[in-house]
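Just so you know, these numbers use all the heavy atoms, side chains as well, and skip hydrogens, waters and symmetry mates. Lettering of chains follows the sequences in order, A, B, ..., and the numbering in each one begins at 1.
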Protein chains: 2
Amino acid sequence: MADINSSAKDSGGKAGPADVAGGDAAAPGSGKAPIWDIIELLFFAYRDFVGDPDEVLAKFAFGRAHHRVLHFVNRHPGMKVADLLDILNITKQSLGRVLKQLVDQGYVLQKEGDHDRRQRLLYVTAKGEALSLKLAQLQTERIERAFGELGPGAHDAARRFLTAMIDNDNREEVLRLISRAERVKRS
Amino acid sequence: MADINSSAKDSGGKAGPADVAGGDAAAPGSGKAPIWDIIELLFFAYRDFVGDPDEVLAKFAFGRAHHRVLHFVNRHPGMKVADLLDILNITKQSLGRVLKQLVDQGYVLQKEGDHDRRQRLLYVTAKGEALSLKLAQLQTERIERAFGELGPGAHDAARRFLTAMIDNDNREEVLRLISRAERVKRS
DNA sequence: TATTTATGTCAGCCATGTTGACATATTTTG
DNA sequence: CAAAATATGTCAACATGGCTGACATAAATA
């Protein structure tokens with residue numbers, strides 16, 4: 001299928017990372033000039049980032065929806081269904097579909113809440129943890145490869161950038177979620 | 001059940017951006033310790049990043065698929081259908097569906113290739129460009145807000161990080177695509 | 001006791017991805 | 001030139017994972 005860019009030699013530049021931005025000429029009448037490079041890089045980076053796990057998931061007949069659920073349950077054991085709904089921004093019906101599969105196949109289990117017996121607190125099983133970890137390690141390889149190519153401050157810089165990209169409303173909540181994750185763990 | 005990361009430390013800080021990482025203790029027998037913070041931050045950042053345009057698109061009865069097509073056609077006018085398929089990593093049937101709607105409603109137009117009359121080169125109309133720009137500016141606002149919060153080197157750092165996250169195979173191609181975009185532009 | 005909350009479920013719709021088969025025009029190749 | 005390869009489009013069927021609406025149940029709360 002036809003290489004997309006058979007394009008001859010592409011005039012000089014090797015397009016080193018510092019050269020990517022493209023022209024900065026703003027559209028005359030409109031607002032600011034779009035930051036095209038970051039917009040496109042985010043698309044491609046995320047596409048590849050989620051692409052790795054997809055291949056593994058396919059073998060299990062799972063999709064990205066399963067991955068997201070499994071990931072957050074693994075990272076935040078004992079979370080309520082409602083918490084998960086908030087994080088994923090989907091309806092309970094959508095969640096129910098994939099959650100049921102994960103439970104039926106023994107990746108996730110639900111426990112009645114201690115204080116509130118209406119709640120179904122979510123935990124991964126050993127099997128679920130293993131899969132979640134496997135997927136996370138695929139993504140970690142990519143991240144570490146990237147950090148390896150960049151300088152020593154790379155992790156911190158990435159963390160700061162990504163954090164700043166999150167909605168201001170959610171940000172504190174997200175940071176709390178992330179930093180609290182390891183404290184809780186399965187008892 | 002292998003505790004993957006029973007961090008225990010965590011110093012009870014305020015979870016400032018520099019403290020988010022969580023424990024670094026590797027799981028004893030398994031591979032490396034997953035870089036959870038970046039994995040999750042990427043999820044949340046991307047979720048919000050694509051969330052802004054979604055609201056606007058809904059008013060036009062368009063979805064993300066339309067957005068992606070419109071974006072790339074706007075940025076890379078005159079591209080072949082095959083190029084777009086490669087970039088988006090979808091089948092021609094999937095592309096055909098949304099492309100047809102964009103053409104029918106006057107956002108995109110197709111021109112026979114000059115040298116190869118089998119090709120249908122893609123261009124945005126004025127209407128298409130306006131919508132594409134509007135969406136890009138929403139995303140740009142978020143990016144600029146982020147860069148504003150971070151130091152002066154933020155744009156470069158983000159570009160380097162995102163670039164390093166892309167598949168090595170595609171990377172050169174992607175960078176060429178991005179850097180060439182503004183040179184071509186509408187004549 | 002009455003209401004609210006947390007969760008689940010049935011039923012159906014929509015957007016967007018997939019595969020497979022096939023059609024048409026055009027370019028390239030033997 | 002004839003045959004093959006290429007660029008694109010289309011029909012049909014199906015899968016995934018969103019959505020809404022309606023309704024059910026158990027438990028907590030007012």
Task: V56(A) with V108(A), same ILVMFWY side-chain cluster at under 4.5 Å - done: yes
Task: Separation of dT8(D) P from I90(B) CD1 (nearest whole Å) - done: 14 Å
- [ ] Output yes when D167(A) and R47(B) qualify as a salt bridge under the 4.0 Å nitrogen-oxygen rule, no when they do not.
- [x] no
TODO: Choose from dT16(C), dT8(D), dT19(C) the nucleotide whose nearest atom is closest to any side-chain atom of R68(B).
DONE: dT16(C)
Open item on the list: When you measure from the side-chain N and O atoms of T91(B) to the phosphate of dG17(C), is any distance below 4.0 Å, counting only OP1 and OP2?
Closed with: no
- [ ] Round to the nearest Å and state the distance from L57(B) atom CG to dT16(C) atom P.
- [x] 9 Å
Task: Whole-Å distance separating the CG atom of N89(A) from the P atom of dG17(D) - done: 17 Å
TODO: Using a 4.0 Å heavy-atom cut-off across all strands, classify Q101(B) as base, sugar-phosphate, or nothing.
DONE: nothing
Open item on the list: Expressed as a whole number of angstroms, how long is the span from D104(A):CG to dG8(C):C1'?
Closed with: 13 Å
Task: Whole angstrom value for the distance that separates P of dC19(D) from CG of L95(A) - done: 10 Å
TODO: Taking atom types as modelled, find out whether H71(A) and R75(A) have a side-chain donor-acceptor pair closer than 3.5 angstrom.
DONE: no
TODO: Look at the side-chain N and O atoms of S94(B) and state whether any lies under 4.0 Å from the OP1 or OP2 oxygen of dT18(C).
DONE: yes
- [ ] Describe the nucleic acid contact of D83(A) in one word from base, sugar-phosphate, nothing, applying a heavy-atom distance below 4.0 Å.
- [x] nothing
Task: Candidates L122(A), L84(A), V124(A), D83(A) - the one meeting side chain to side chain contact (heavy atoms under 4.5 Å, CB included) with F72(A) - done: L84(A)
Task: For atom CG of L109(B) and atom C1' of dT8(D), their distance in whole Å - done: 17 Å
Open item on the list: I'd like to know whether E149(A) forms a salt bridge (Lys or Arg N to Asp or Glu O under 4.0 Å) with R145(A), so could you lay out the CA-CA distance, the side-chain angles of the two residues, the decisive distance to 0.1 Å, and finally the verdict.
Closed with: CA-CA 6 Å; E149(A) 293 174 16; R145(A) 193 206 54 195; 3.6 Å; yes
Open item on the list: Between P on dT18(C) and CD on E55(A), what's the gap in Å once rounded to a whole number?
Closed with: 14 Å
TODO: List the protein contact pattern of nucleotides 22-30 of chain C with one symbol per nucleotide (5' to 3'): B for base contact, S for sugar-phosphate-only contact, - for none; contact means a heavy-atom distance under 4.0 Å.
DONE: ---BBS---
Task: E40(A)-H76(B) side chain donor-acceptor pair, cut-off 3.5 Å - done: yes
TODO: Looking only at side-chain atoms of K80(B), point me to the closest of dT20(D), dT18(C), dA7(D).
DONE: dA7(D)
Task: 5' precedence on DNA chain C between H66(B) and A82(A) (nearest-nucleotide basis) - done: A82(A)
Open item on the list: In whole Å, I'd like the distance from the CZ atom of F62(B) to the C1' atom of dC14(C).
Closed with: 16 Å
- [ ] Check every strand shown and say whether R97(B) touches a base, only sugar-phosphate, or nothing at a heavy-atom separation below 4.0 Å.
- [x] base
Open item on the list: Applying a 4.0 Å non-hydrogen cut-off, can you work out what D54(B) is touching in the nucleic acid: base, sugar-phosphate, or nothing?
Closed with: nothing
Open item on the list: Of the listed nucleotides (dT7(C), dT16(C), dG18(D)), which one gets closest to any side-chain atom of V98(B)?
Closed with: dT16(C)
TODO: Give one of base, sugar-phosphate or nothing for G63(B), where a contact means two heavy atoms less than 4.0 Å apart.
DONE: sugar-phosphate
Task: Side chain Q93(A) and base dG21(D) donor-acceptor under 3.5 Å - done: yes
- [ ] May I have the step-by-step check of ring pair (Phe, Tyr, Trp, His ring centres under 6.0 Å) for F49(B) and Y46(A), ending in yes or no?
- [x] CA-CA 11 Å; F49(B) 175 69; Y46(A) 196 78; 9.5 Å; no
TODO: Indicate whether any N or O donor in one side chain lies under 3.5 Å from an N or O acceptor in the other, for H67(B) and D54(B).
DONE: no
